[in-house]
A.B. asks: 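Here it is, the structure in full.
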Amino acid sequence: GGLQVPEGAARAGGRRRMEAVFAKCENQIPGFSELLDDFPDTEEPTWILGKQYYLKTERSELLSDVKSRLWFTYRKKFSPIGGTGPSSDAGWGCMLRCGQMILAQALICKHLGIDWRWEKGKWQPESYYRILQCFLDRKDSCYSIHQMAQMGVGEGKSVGEWYGPNTVAQVLKKLTLFDDWNALEVYISMDNTVVIEDIKKLCKNRSENYRLQTDTSLYRGDVTKTQAASVPHRDWKPLLLIIPLRMGINHINPVYINALKECFKMPQSLGVLGGKPNNAYYFIGFLGDELIYLDPHTTQTAVETEDNGSVDDYSYHCHRAPHRMKITHLDPSVALGFYCNTERDFESWCNFVQKEILKTRNFRMFELVEKHPAHWPPFIPATKPDVQTTGAEFIEPADKVFESEEEFEILNV
């Protein structure tokens, strides 16, 4: 008796339930307790994004730090990009995922601070979920794979094409123009040179609008007490600083290795985007002569938002030992990332660079100069187009510094 369910429908329903269970299990790699046992037993500190850990005594703290980073990987079964494009980024989206990770780390520094840690099932502030929402695989999320792939069209990349570190930086810069919540300024260095005057023009002059925004939101009650406490820095707009580099021709030149390590020690460090075609990684630290990185090359099923608006965030954190790679195996084409929340952060970053990166006469990793070079075109901060959409067709590739990855590589040899 009872209602007969067609056999095919029952099977399909069962299959969907099984798929949901499998999707949940995909990221649960066993053996978290014995992780890092393959890490060398060493007295040397491990550095992760400006924090140092001694493996003998701080192994679990190090793991907690790595696990707390937002981990973006290939996903499948999301709505097709552009309506008719791919519904998975497996095989092509790894550098876009690394770009998402470096930007998410900037947002974590901005809203949650460098000491924030994630734990499964533990209460997290609302801003954590709001950051995560920015990156969900949906066309209306500000930094989704959909937005990035379509914005890349304006950079001369078709959807499904592989990006180098410089292109992904240019795409992030354009997408931040549409993100009023975070109000980040993005500065991408040109010709291996960071210009202090240009950064101040970017972060200080434009902060007038930012101040108005923050003041009104205080009255509207959008800003919590803790955020209100951090409002005095309103005369500086938070800075995401990206430095695309080519540290050698086919392999990294060993003269740059120490400077690269120093970058991971800075409290402003957001890590490094790197990798060769179809093999991008997000480097977050180092131990001895090895880099530690998060790897986007795992395909997980796209996560749907629950009916109550919440998101199951378990698969956005890496529950396995971080990968390591010999520094000498690094592809020479990279982008360094730094976050300066205040003007004081930026000044201390400049001091650190003067002391540690510019101390060699020759083979400097990059240059830091006070004034805008006279022979360069004038520095004009990017502004949001009038059209309220991030559809790539409306964006002129006006601030393309390098016409293509290849050209960018030749420039910097």
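Just so you know, residue 1 is the first one in the sequence shown, and it goes up from there. Worth saying up front: this structure is predicted, and the values here are computed from it rather than measured.
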A.B. asks: Does the Ser64 side chain pair with the main chain of Ser60, one donor and one acceptor, at a distance under 3.5 Å?
C.D. replies: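 Between the backbone of Ser60 and the side chain of Ser64 there is no qualifying donor-acceptor contact (under 3.5 Å).
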A.B. asks: For Leu172, check side-chain contact (heavy atoms from CB on, under 4.5 Å) against everything at least two apart and list the hits.
C.D. replies: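 Listed in chain order: Ile102, Leu103, Met148.
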A.B. asks: Could you list the residues that satisfy side-chain hydrogen bond (donor to acceptor under 3.5 Å, both in side chains) with Ser79, not counting sequence neighbours?
C.D. replies: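 Result, side-chain hydrogen bond (donor to acceptor under 3.5 Å, both in side chains) vs Ser79: His146.
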A.B. asks: Quick one: are Cys98 and Phe283 in side-chain contact, heavy atoms under 4.5 Å?
C.D. replies: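 Answer no - side chains too far apart.
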A.B. asks: Measure the shortest side-chain to side-chain distance between Cys94 and Asn279 over non-hydrogen atoms and say whether it is less than 4.5 angstrom.
C.D. replies: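 With C-beta onward as the side chain, the pair stays apart.
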A.B. asks: Please test Lys326 against Asp289 for side-chain contact (heavy atoms from CB on, under 4.5 Å), starting from the C-alpha separation and ending with a verdict.
C.D. replies: CA-CA 6 Å; Lys326 286 262 183 287; Asp289 60 354; 3.9 Å; yes
A.B. asks: What distance do Glu290 atom CD and His323 atom NE2 have between them, rounded to the nearest 0.5 Å?
C.D. replies: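 Between Glu290 CD and His323 NE2, I get 13.0 Å after rounding to 0.5 Å.
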A.B. asks: Check the pair His251, Thr328 against side-chain contact (heavy atoms from CB on, under 4.5 Å), reporting the backbone distance first and the verdict last.
C.D. replies: CA-CA 7 Å; His251 302 281; Thr328 47; over 6 Å; no
A.B. asks: Using modelled atom types and a 3.5 Å cut-off, is there a donor and acceptor pairing between side-chain atoms of Ser127 and backbone atoms of Pro125?
C.D. replies: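 Absent.
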A.B. asks: Side-chain contact, heavy-atom cut-off 4.5 Å: Lys173 with Leu177?
C.D. replies: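 A side-chain contact under 4.5 Å is absent here.
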A.B. asks: May I have all residue pairs that pass salt bridge (charged side-chain N to carboxylate O under 4.0 Å, His left out) and include part of residues 89-102, sequence neighbours excluded?
C.D. replies: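 Those involving residues 89-102 are Asp89-Arg97, Arg97-Asp137.
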A.B. asks: Please name the pair of heavy atoms, one in Val171 and one in Gly152, separated by the smallest distance, quoted to 0.1 Å.
C.D. replies: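 Here Val171 and Gly152 meet closest at CG2-CA, 3.8 Å.
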A.B. asks: Please list, chain by chain and in numerical order, all residues satisfying side-chain contact (heavy atoms from CB on, under 4.5 Å) with Glu356, sequence neighbours excluded.
C.D. replies: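 With neighbours one apart ignored, the set is Glu262, Phe352, Lys359.
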A.B. asks: Would Gln105 and Leu70 satisfy side-chain contact (heavy atoms from CB on, under 4.5 Å), going step by step from the backbone distance to the final call?
C.D. replies: CA-CA 7 Å; Gln105 183 54 27; Leu70 280 172; over 6 Å; no
A.B. asks: Measuring only between side-chain heavy atoms, which start at C-beta, is Leu336 closer than 4.5 Å to Met365?
C.D. replies: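 They are in contact (side-chain heavy atoms under 4.5 Å apart), so the answer is yes.
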A.B. asks: Compare every heavy atom of Gln100 with every heavy atom of Ser144, then report the nearest pair and how far apart it is.
C.D. replies: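 For Ser144 versus Gln100, the nearest heavy atoms are C-NE2, 3.7 Å.
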A.B. asks: Should the pair Tyr293 and Tyr281 be assigned to parallel (<30°), tilted (30 to 60°) or perpendicular (>60°) ring geometry?
C.D. replies: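 Tilted, since the angle between the ring planes falls between 30° and 60°.
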A.B. asks: Using the salt bridge (charged side-chain N to carboxylate O under 4.0 Å, His left out) criterion, which residues pair with Glu43? Sequence neighbours excluded.
C.D. replies: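 Per chain and number, Glu43 pairs via salt bridge (charged side-chain N to carboxylate O under 4.0 Å, His left out) with Lys56.
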A.B. asks: Would you tabulate the side-chain donor-acceptor contacts of residues 128-135 under 3.5 Å, counting partners in other chains and residues two or more places apart, or write 'none'?
C.D. replies:
unit_1 : atom_1 : unit_2 : atom_2 : d
Tyr128 : OH     : Trp118 : NE1    : 3.4
Tyr128 : OH     : Asp313 : OD2    : 2.6
Tyr128 : OH     : His317 : NE2    : 2.8
Gln133 : NE2    : Gly309 : O      : 3.4

A.B. asks: For the residue pair Val303 and Ser315, what are the closest heavy atoms and their distance?
C.D. replies: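 That would be CG2-OG, 3.7 Å.
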A.B. asks: Given 3.5 Å as the limit, does a donor-acceptor pair link the side chain of Tyr187 with the main chain of Val195, or not?
C.D. replies: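 Flag set: sc Tyr187 to bb Val195 pair under 3.5 Å.
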A.B. asks: Kindly give the heavy-atom pair with the smallest separation between Gly274 and Val334, and that separation in Å.
C.D. replies: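 Scanning both residues, the minimum pair turns out to be CA-CG1, 4.2 Å.
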A.B. asks: Any side-chain heavy atom of Asp179 sitting closer than 4.5 Å to one from Leu184?
C.D. replies: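 No, their side chains stay 4.5 Å or more apart.
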A.B. asks: Please report the interatomic distance CG(Leu245) to CG(Asp191), rounded to the nearest 0.5 Å.
C.D. replies: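 Result: 11.5 Å between the selected atoms.
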A.B. asks: For Gly271, does its backbone N or O pair with a side-chain atom of Ser269 as donor and acceptor, under 3.5 Å?
C.D. replies: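 Checking the backbone N and O of Gly271 against the side chain of Ser269, a donor-acceptor pair under 3.5 Å is found.
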A.B. asks: Once salt bridge (charged side-chain N to carboxylate O under 4.0 Å, His left out) is applied, do any residues pair with Asp198, and if so which ones, sequence neighbours excluded?
C.D. replies: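 Checked Asp198 against salt bridge (charged side-chain N to carboxylate O under 4.0 Å, His left out); zero matches.
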A.B. asks: For Tyr163 versus Ala149, what's the shortest heavy-atom pair and its separation?
C.D. replies: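 Result for this residue pair: OH-O, 3.4 Å.
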A.B. asks: Mind checking the OG1-CG spacing from Thr46 to Leu55? Nearest 0.5 Å is all I need.
C.D. replies: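 Result: 4.0 Å between the selected atoms.
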A.B. asks: Distance check, rounded to the nearest 0.5 Å: Ile257 atom CD1 versus Leu330 atom CG?
C.D. replies: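 Between Ile257 CD1 and Leu330 CG, I get 8.5 Å after rounding to 0.5 Å.
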A.B. asks: Between CD1 of Ile114 and CG of Leu112, what distance do you get to the nearest 0.5 Å?
C.D. replies: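 It is 12.5 Å, given to the nearest 0.5 Å.
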A.B. asks: Answer yes or no: is there a side-chain heavy-atom contact under 4.5 Å between Trp116 and Gln124?
C.D. replies: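 Sidechains of Gln124 and Trp116: in contact.
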A.B. asks: Please list, chain by chain and in numerical order, all residues satisfying salt bridge (charged side-chain N to carboxylate O under 4.0 Å, His left out) with Arg344, sequence neighbours excluded.
C.D. replies: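 Listed in chain order: nothing, the list is empty.
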A.B. asks: Give the minimum heavy-atom separation between Trp47 and Gly50, together with the two atoms involved.
C.D. replies: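 The answer is CZ3-O, 3.9 Å.
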A.B. asks: Is there a side-chain contact (heavy atoms from CB on, under 4.5 Å) between Cys318 and Asp295? Walk through the geometry before answering.
C.D. replies: CA-CA 9 Å; Cys318 189; Asp295 186 353; over 6 Å; no
A.B. asks: Which is it for Tyr339 and Asn341 under the side chain to side chain donor-acceptor pair (under 3.5 Å) test, yes or no, and what are the steps along the way?
C.D. replies: CA-CA 6 Å; Tyr339 175 71; Asn341 196 41; 2.5 Å; yes
A.B. asks: Do Lys261 and Ile327 have side chains that get closer than 4.5 Å, going by heavy atoms?
C.D. replies: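 When only atoms from C-beta onward are counted, Ile327 and Lys261 do touch, with a gap below 4.5 Å.
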A.B. asks: Would a distance-only check, ignoring hydrogens and angles, find a side-chain to backbone donor-acceptor pair under 3.5 Å from Glu58 to Tyr54?
C.D. replies: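 Checking the backbone N and O of Tyr54 against the side chain of Glu58, a donor-acceptor pair under 3.5 Å is found.
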A.B. asks: Taking side-chain contact (heavy atoms from CB on, under 4.5 Å) as the test, write out the residues that go with Thr73, two or more places apart.
C.D. replies: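 Only Trp71, Arg75, Thr298, Gln300 meet the side-chain contact (heavy atoms from CB on, under 4.5 Å) criterion with Thr73.
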A.B. asks: Check side-chain contact (heavy atoms from CB on, under 4.5 Å) between Cys340 and all other residues, then give those that pass, not counting sequence neighbours.
C.D. replies: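 Once residues adjacent in sequence are excluded, the partners of Cys340 under the side-chain contact (heavy atoms from CB on, under 4.5 Å) criterion are Leu239, Gln268, Asp345, Phe346, Trp349.
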A.B. asks: Is Glu185 reaching over with its side chain to a backbone N or O of Leu240, donor-acceptor style, under 3.5 angstrom?
C.D. replies: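 No, the answer is negative, given that no donor and acceptor are paired below the 3.5 Å cut-off.
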A.B. asks: For the pair Tyr316 and Phe72, name the ring-plane relationship: parallel under 30°, tilted 30 to 60°, perpendicular over 60°.
C.D. replies: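 Perpendicular, since the angle between the ring planes exceeds 60°.
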A.B. asks: Any chance you could measure Ile252, atom CD1, to Asp331, atom CG, to the nearest 0.5 Å?
C.D. replies: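 So the CD1 of Ile252 and the CG of Asp331 are separated by 9.5 Å.
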A.B. asks: Measure the shortest side-chain to side-chain distance between Lys265 and Phe286 over non-hydrogen atoms and say whether it is less than 4.5 angstrom.
C.D. replies: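 Yes; the side chains approach each other to less than 4.5 Å.
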A.B. asks: Among all residues two or more places apart in sequence or in another chain, which pass the side-chain hydrogen bond (donor to acceptor under 3.5 Å, both in side chains) test with Glu197?
C.D. replies: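 So Glu197 forms no side-chain hydrogen bond (donor to acceptor under 3.5 Å, both in side chains) with any residue.
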A.B. asks: Residues two or more places apart in sequence or in another chain: which of them pass salt bridge (charged side-chain N to carboxylate O under 4.0 Å, His left out) with Lys355?
C.D. replies: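 Partners of Lys355 under the salt bridge (charged side-chain N to carboxylate O under 4.0 Å, His left out) test: none.
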A.B. asks: Would you say the side-chain atoms of Glu161 pair up with the backbone N or O of Ser158, donor to acceptor, closer than 3.5 Å?
C.D. replies: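 Checked: pair present.
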